[in-house]
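Okay, so here's the structure we're looking at.
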Protein chains: 2
Amino acid sequence: MGSNIEWLPTQVPCGSCPLRVRQEFRDFTEVELEFIKGSKRGELHVAKGGTILEEGAANQHLYTVLSGWGFRYKTLSDGRRQIVNYAMPGDLVGLQGTVMGEMQHSVEALSPMVLCIFERAKLFMLFEGFPQLSFDVTWIASREECMLDENLLAVGRRTAVEKVAYLMVFLLSRSIKTGLLGRSGVDIPITQQHVADTLGLSVVHTNRTIRKLVERKLISWTDGGCRILDAERLALIARWEDPIPRPRPFL
Amino acid sequence: MGSNIEWLPTQVPCGSCPLRVRQEFRDFTEVELEFIKGSKRGELHVAKGGTILEEGAANQHLYTVLSGWGFRYKTLSDGRRQIVNYAMPGDLVGLQGTVMGEMQHSVEALSPMVLCIFERAKLFMLFEGFPQLSFDVTWIASREECMLDENLLAVGRRTAVEKVAYLMVFLLSRSIKTGLLGRSGVDIPITQQHVADTLGLSVVHTNRTIRKLVERKLISWTDGGCRILDAERLALIARWEDPIPRPRPFL
DNA sequence: CGGGAAATTGACATTAATCAAACTTAGTGG
DNA sequence: CCACTAAGTTTGATTAATGTCAATTTCCCG
């Protein structure tokens with residue numbers, strides 16, 4: 001088997017970035033685009049299961065997810081693992097390293113991923129020359145914080161069934177917002193172990209809980225991935241407070 | 001009883017801010033200082049138990065903690081509460097509101113607090129004119145994210161004893177970094193209910209767990225507050241990975 | 001066809017939640 | 001100054017939720 005992660009020269013130029021075409025992202029000005037272009041150092045292609053960042057390591061780069069799913073996690077010294085969040089197209093990966101010196105968490109690919117590589121050193125230049133972009137970075141960090149608050153509430157205060165229901169709605173919501181929803185839904189590329197490690201449960205109990213939701217036809221669990229069948233009822237079970245975003249219309 | 005929260009005109013001018021004298025904060029330039037001064041709208045004095053921000057509300061302001069302790073929390077519709085983090089002197093409060101429109105969490109005072117009030121509308125001006133300050137804001141958001149990751153790991157994957165030990169070391173560490181440590185330690189102004197709501201435990205079980213640590217002389221729990229007696233052993237129990245910061249020397 | 005990762009199941013152990021009550025302390029008003 | 005109250009802590013008894021262990025099964029992939 002070859003390397004499961006490799007650094008390639010830019011193949012998707014920023015000028016025609018598939019993400020920026022989407023409604024959910026704001027338009028860049030010419031200068032901003034130039035700057036971003038100039039900071040891009042290439043692309044990282046990572047196979048499913050590949051490690052993008054590792055806890056404890058220092059890393060010179062900052063990444064943006066172009067495609068694929070990943071997850072961010074921490075571990076205790078005896079191996080217990082906690083997934084703290086997921087990374088989807090458009091997400092920024094590695095910002096914390098800028099602040100903390102070395103990474104406090106690892107990032108792994110759930111499916112084949114492509115990430116844009118940026119020089120971390122350019123970040124301060126971005127703050128000096130591009131107020132709007134700087135604000136965007138803060139915006140992104142703040143949004144991440146908000147998701148972590150939600151996850152903390154789920155892990156700390158919801159029951160097992162509520163937790164699983166919550167995670168499903170959470171991932172569906174994010175998929176919709178990111179424009180990943182096909183006409184037949186999304187395939188969420190996670191295993192039950194991931195669910196367990198996200199929610200602070202054991203795999204066995206996670207399995208039994210998932211089974212219940214499958215029996216009630218709220219989700220389906222097919223070979224290495226799952227699908228949401230009834231988001232509304234799941235949201236009710238999870239006591240999800242926000243409206244589930246509507247999928248944007250396709251042309 | 002009078003109002004437990006009131007807005008007063010500036011009494012602590014930014015020029016002689018007691019926080020900026022401390023080693024742990026970087027120096028501002030003259031212009032930066034002027035800008036900050038110009039953005040300050042007054043001070044918020046909050047009694048113990050007072051609510052500074054409320055989930056679901058929109059708020060025009062951004063705050064900086066000048067003194068006192070507070071906590072940030074979310075609730076489920078049936079009242080279950082999860083404390084997501086604590087706020088201590090120097091912390092920024094309310095940044096999320098800028099991004100999300102309305103607050104996704106509440107903030108309450110654990111002890112009498114004083115906060116500086118800033119106009120949120122000025123934030124974008126800050127990004128336009130003060131790259132270093134903008135970077136600082138991002139730095140702060142990123143640090144918060146890092147703490148949330150840690151808390152999530154604790155709530156999701158540690159046992160009850162480990163959890164309590166973790167929280168104690170976490171709060172001690174932050175106290176030390178914030179320069180709150182007197183020569184006899186810190187009095188942490190929380191109740192066992194707060195501990196429970198931070199760690200995702202019931203009060204009863206929290207009490208039993210705390211009792212064990214008290215018996216082992218690792219902490220002491222006195223009327224409405226607690227003290228850390230043996231940080232090293234607590235850190236070991238919690239599998240705390242980082243060195244506990246040394247208290248800075250006093251003159 | 002064989003190997004391995006993921007999912008599933010049953011039996012059992014353990015942790016933590018719940019319920020209910022008593023106790024302690026600080027603060028309040030008479 | 002003292003009874004009274006409320007908030008916080010503590011305890012015991014019981015129940016429910018979740019974890020652990022150990023197989024077994026399923027299914028993908030080479």
*Quick one: A/H205 NE2 to D/dT20 P, roughly how many Å, whole number?*
12 Å
*How many Å lie between CG on B/N207 and P on C/dT18, as a whole number?*
15 Å
*Could you give the NZ-to-C1' distance, from B/K163 to D/dT18, as a whole number of Å?*
12 Å
*asked:* When you measure from the side-chain N and O atoms of A/Q193 to the phosphate of C/dA5, is any distance below 4.0 Å, counting only OP1 and OP2?
replied: no
*Nearest-Å distance for atom pair CD/P, residues B/Q192 and C/dT24*: 15 Å
*Over how many whole Å does the gap from B/R211 atom CZ to C/dC23 atom C1' extend?*
13 Å
_Sugar-phosphate only, base, or nothing, as touched by A/I210 at under 4.0 Å among non-hydrogen atoms_ = nothing
*Is A/G200 touching bases, backbone alone, or none of the nucleic acid, heavy atoms closer than 4.0 Å?*
sugar-phosphate
*Answer with yes or no after comparing the ring centroid distance for A/H194 and A/W69 against a 6.0 Å cut-off, counting only values under it.*
no
*Closest listed nucleotide, where the reference is the side chain of A/V204 and the choices are C/dA16, C/dA7, D/dC21*: D/dC21
_Does B/R208 reach a base, just sugar-phosphate, or nothing at all? Heavy atoms under 4.0 Å._
base
*State whether the side chain of A/E6 and the backbone N or O of A/N4 hold a donor-acceptor pair below 3.5 Å, judged by distance alone.*
no
*Side chains of B/I228 and B/I188: does their closest heavy-atom pair fall under 4.5 Å?*
yes
*How close do B/A235 and B/V169 get, heavy atom to heavy atom, and via which atoms?*
N-CG2, 3.7 Å
_If you compare all heavy atoms of B/R227 against all heavy atoms of B/V186, which two are closest, and at what distance to 0.1 Å?_
CG-O, 3.5 Å
*When you match B/S202 and A/V203 each to their closest nucleotide on DNA chain C, which lands nearer the 5' end?*
A/V203
*Atom CZ of A/R158 to atom P of D/dT18: distance rounded to whole Å?*
14 Å
*Euclidean distance, atom NZ of residue B/K212 to atom P of C/dA16 [Å, nearest integer]*: 8 Å
*Nearest-Å distance, CH2 (A/W221) to P (C/dT9)?*
15 Å
